[in-house]
Colleague: 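Okay, handing you the structure first.
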Amino acid sequence: MTIQEFRDYMASGKPVVGGSDDHMMFHSLSQEALLITAQINGKYHTPDELHALLEQLWGRKVPATVGMFPPFHTDCGKNTVVADCVFINMGCKFQDQGGITIDEGALIGHNVVLATLNHDPDPDKRQSMTYAPIHIGKNVWIGANATILAGVTVGDGAIVAAGAVVTKDVAPRTIVGGVPARLLKQIP
């Protein structure tokens, strides 16, 4: 299975059955991600060196304006798309098999978790997975230690407060916080 075939399969919404070819592709991509993130996290890199490693990790062109402060962790890497002027702060963890898209100008705070996968609730099928993409809109600010769960869209200009657990879509130009996250206020 190629990277594009993997991305296409994940975009289809079909289940990932434990032990299937798709599941084995997860393991293969995870090993590659572990290798590349060990390089990213193992020593200092100039911005140009880090950019090259991110392109290798994500398997696609990355805008030169993307910034990151390692360490950074992902268990796949090949299903993340990041636009211009995105900044990802230290300690973030992206579980991107289901797809993560981060639009222009988004700021991702320290230790943010973006998790696109869930295991099957049936104990006899626990190795199988369900998934849904995460979409972070333009000029979103996600505070430190927030968690965004599978299937969530965070609308343009929204703020996710530090420590929030976001289980539902966030409307544009709003502030959400809490566990689970709820509307705190509108942004004028």
Colleague: Quick one: OG1 on T153 to CD1 on I136, what's the gap to the nearest 0.5 Å?
Modeller: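 Nearest 0.5 Å value for the OG1-CD1 distance: 8.0 Å.
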Colleague: Just do the side chain to side chain contact (heavy atoms under 4.5 Å, CB included) check on V154 and V160 with the steps written out, would you?
Modeller: CA-CA 8 Å; V154 180; V160 174; 4.1 Å; yes
Colleague: Report yes or no: do W141 and I100 belong to one cluster of Ile/Leu/Val/Met/Phe/Trp/Tyr joined by side chain heavy-atom distances under 4.5 Å?
Modeller: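 Different clusters: W141 never reaches I100 through Ile, Leu, Val, Met, Phe, Trp or Tyr contacts under 4.5 Å.
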Colleague: Looking at every heavy atom in both A164 and A181, which two are closest together, and how far apart are they?
Modeller: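 Closest approach of A164 to A181: CB-CB, 4.2 Å.
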Colleague: Kindly work out whether a path of hydrophobic side-chain contacts (I/L/V/M/F/W/Y, heavy atoms less than 4.5 Å apart) joins V86 to L107.
Modeller: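 They do not share one cluster, since no chain of ILVMFWY contacts under 4.5 Å joins V86 to L107.
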Colleague: Please give me the minimum heavy-atom distance between V17 and S20, naming the atom from each residue.
Modeller: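 Closest approach of V17 to S20: O-OG, 2.7 Å.
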Colleague: Flag the pair H45 / K43 as yes when at least one side-chain heavy-atom distance between them is below 4.5 Å, and no otherwise.
Modeller: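 Yes, side chains in contact.
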Colleague: Spell out, yes or no, whether V140 and V66 are grouped together once hydrophobic residues are joined by side-chain heavy atoms under 4.5 Å, including indirect joins.
Modeller: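 Yes.
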Colleague: What pairs of residues pass the ring pair (Phe, Tyr, Trp, His ring centres under 6.0 Å) test when at least one of them lies in residues 162-183, not counting sequence neighbours?
Modeller: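 Those involving residues 162-183 do not exist here.
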Colleague: Does E49 use its side chain to pair, donor to acceptor, with the backbone of T46 at less than 3.5 Å?
Modeller: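 Side chain of E49 to backbone of T46: a pair is present.
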Colleague: For the pair N145 and H110, evaluate side chain to side chain contact (heavy atoms under 4.5 Å, CB included) and give the outcome as yes or no after the intermediate values.
Modeller: CA-CA 6 Å; N145 296 304; H110 288 88; 5.9 Å; no
Colleague: Which value, rounded to the nearest 0.5 Å, describes the distance between I134 atom CD1 and I148 atom CD1?
Modeller: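 Here the interatomic distance stands at 7.0 Å.
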Colleague: Does S128 reach the main-chain N or O of G18 with its side chain, forming a donor-acceptor pair under 3.5 Å?
Modeller: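 Such a contact is found between S128 side chain and G18 backbone.
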Colleague: Keeping R126 on the side-chain end and D120 on the backbone end, is there a donor-acceptor pair under 3.5 Å?
Modeller: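 Checked: pair present.
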Colleague: Between N41 (side chain) and F72 (backbone), is there a donor-acceptor pair under 3.5 Å?
Modeller: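 The answer is yes, because a donor-acceptor pair under 3.5 Å joins these two groups.
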Colleague: Spell out, as yes or no, whether a donor-acceptor pair under 3.5 Å connects the side chain of E5 to the backbone of T2.
Modeller: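 The answer is yes, because a donor-acceptor pair under 3.5 Å joins these two groups.
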Colleague: Looking only at atom types and distance, does a side-chain atom of R173 sit under 3.5 Å from a main-chain N or O of D156, one as donor and one as acceptor?
Modeller: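 Here the side-chain-to-backbone pair does not exist.
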Colleague: Which atom names give the shortest non-hydrogen contact between E55 and K61, and what distance separates them?
Modeller: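 Looks like OE2-CA, 3.6 Å.
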Colleague: Is it true that a side-chain atom of H73 and a backbone atom of T37 form a donor plus acceptor pair closer than 3.5 Å?
Modeller: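 Checked: no pair found.
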Colleague: Can you tell if the side chain of F69 reaches within under 4.5 Å of the side chain of I88, non-hydrogen atoms only?
Modeller: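 SC-SC contact between F69 and I88 ruled out.
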Colleague: Does a sphere of radius 6.0 Å around CG in N118 hold more than 12 heavy atoms from other residues, nucleotides or ligands, not counting ones at 6.0 Å or beyond?
Modeller: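 Yes.
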Colleague: For the residue pair F26 and M129, establish whether any side-chain heavy-atom pair is separated by less than 4.5 Å.
Modeller: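 Yes; the side chains approach each other to less than 4.5 Å.
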Colleague: Kindly work out whether a path of hydrophobic side-chain contacts (I/L/V/M/F/W/Y, heavy atoms less than 4.5 Å apart) joins W58 to I36.
Modeller: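 Cluster IDs for W58 and I36 match.
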Colleague: So which heavy atom on G98 is nearest to which on T116, and how close?
Modeller: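 The answer is N-OG1, 2.8 Å.
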Colleague: CD1 of I102 to SG of C85: how many Å apart, nearest 0.5 Å?
Modeller: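 If I round to the nearest 0.5 Å, the distance is 13.5 Å.
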Colleague: Would you compute the distance between atom CG of L53 and atom CG of D48 and round it to the nearest 0.5 angstrom?
Modeller: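 The CG atom of L53 sits 11.5 Å away from the CG atom of D48.
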Colleague: Is the NZ atom of K93 crowded by more than 12 outside heavy atoms at less than 6.0 Å?
Modeller: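 Yes.
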Colleague: Contact between C76 and F6 at the side-chain level, heavy atoms closer than 4.5 Å - yes or no?
Modeller: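 Yes, their side chains come closer than 4.5 Å.
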Colleague: Ignoring hydrogens and geometry, is there a side-chain-to-backbone donor-acceptor pair from D84 to E104 under 3.5 Å?
Modeller: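 No.
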Colleague: Please find the pair of heavy atoms, one from A161 and one from A146, that lie closest to each other, and give the distance.
Modeller: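 It is O-CB, 4.0 Å.
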Colleague: Which distance, rounded to the nearest 0.5 Å, do you find between the NE2 of H119 and the NZ of K125?
Modeller: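 Nearest 0.5 Å value for the NE2-NZ distance: 15.5 Å.
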Colleague: Hey, are the side chains of M90 and P71 touching, using non-hydrogen atoms and a 4.5 Å cut-off?
Modeller: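 Result yes, sub-4.5 Å side-chain heavy-atom pair found.
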Colleague: Might you work through the side chain to side chain contact (heavy atoms under 4.5 Å, CB included) test for D8 and M1, ending with a clear yes or no?
Modeller: CA-CA 11 Å; D8 292 343; M1 176 180 278; over 6 Å; no
Colleague: Indicate yes or no for a side-chain donor-acceptor contact from S12 to the backbone of Y9 under 3.5 Å, with no hydrogens or angles considered.
Modeller: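 A pair under 3.5 Å: yes.
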Colleague: Report yes if some heavy atom in the side chain of I40 is under 4.5 Å from a heavy atom in the side chain of L54; otherwise report no.
Modeller: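 Yes, their side chains come closer than 4.5 Å.
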Colleague: Within the structure provided, determine whether M68 and F87 are in side-chain contact (heavy-atom separation under 4.5 Å).
Modeller: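 Answer no - side chains too far apart.
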Colleague: Starting at CD1 of I159, measure out to OG1 of T174 and round the result to the nearest 0.5 Å.
Modeller: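 I159 atom CD1 to T174 atom OG1 measures 9.0 Å (nearest 0.5 Å).
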Colleague: For V16 and M10, what are the C-alpha separation, side-chain angles and deciding distance, and is it a side chain to side chain contact (heavy atoms under 4.5 Å, CB included)?
Modeller: CA-CA 9 Å; V16 176; M10 296 308 290; 4.0 Å; yes
Colleague: Donor-acceptor pair, R7 side chain versus K78 backbone, under 3.5 Å?
Modeller: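 Side chain of R7 to backbone of K78, a donor-acceptor pair under 3.5 Å: yes, one is there.
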Colleague: In this structure, would I142 and V166 fall into the same cluster of hydrophobic residues linked by side-chain contacts under 4.5 Å?
Modeller: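 Yes, I142 connects to V166 through the hydrophobic network.
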Colleague: Provide the closest heavy-atom pair for H51 versus P63 in the form atom of the first, atom of the second, distance.
Modeller: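 Distance-wise, the nearest heavy atoms are NE2-O, 3.4 Å.
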Colleague: Heavy atoms, side chains only, cut-off 4.5 Å: are Y131 and Q97 in contact?
Modeller: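 Not touching, per the 4.5 Å side-chain cut-off.
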Colleague: Which residue, T74, D96, T101, forms the side-chain hydrogen bond (donor to acceptor under 3.5 Å, both in side chains) with T80?
Modeller: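 Answer after filtering T74, D96, T101: D96.
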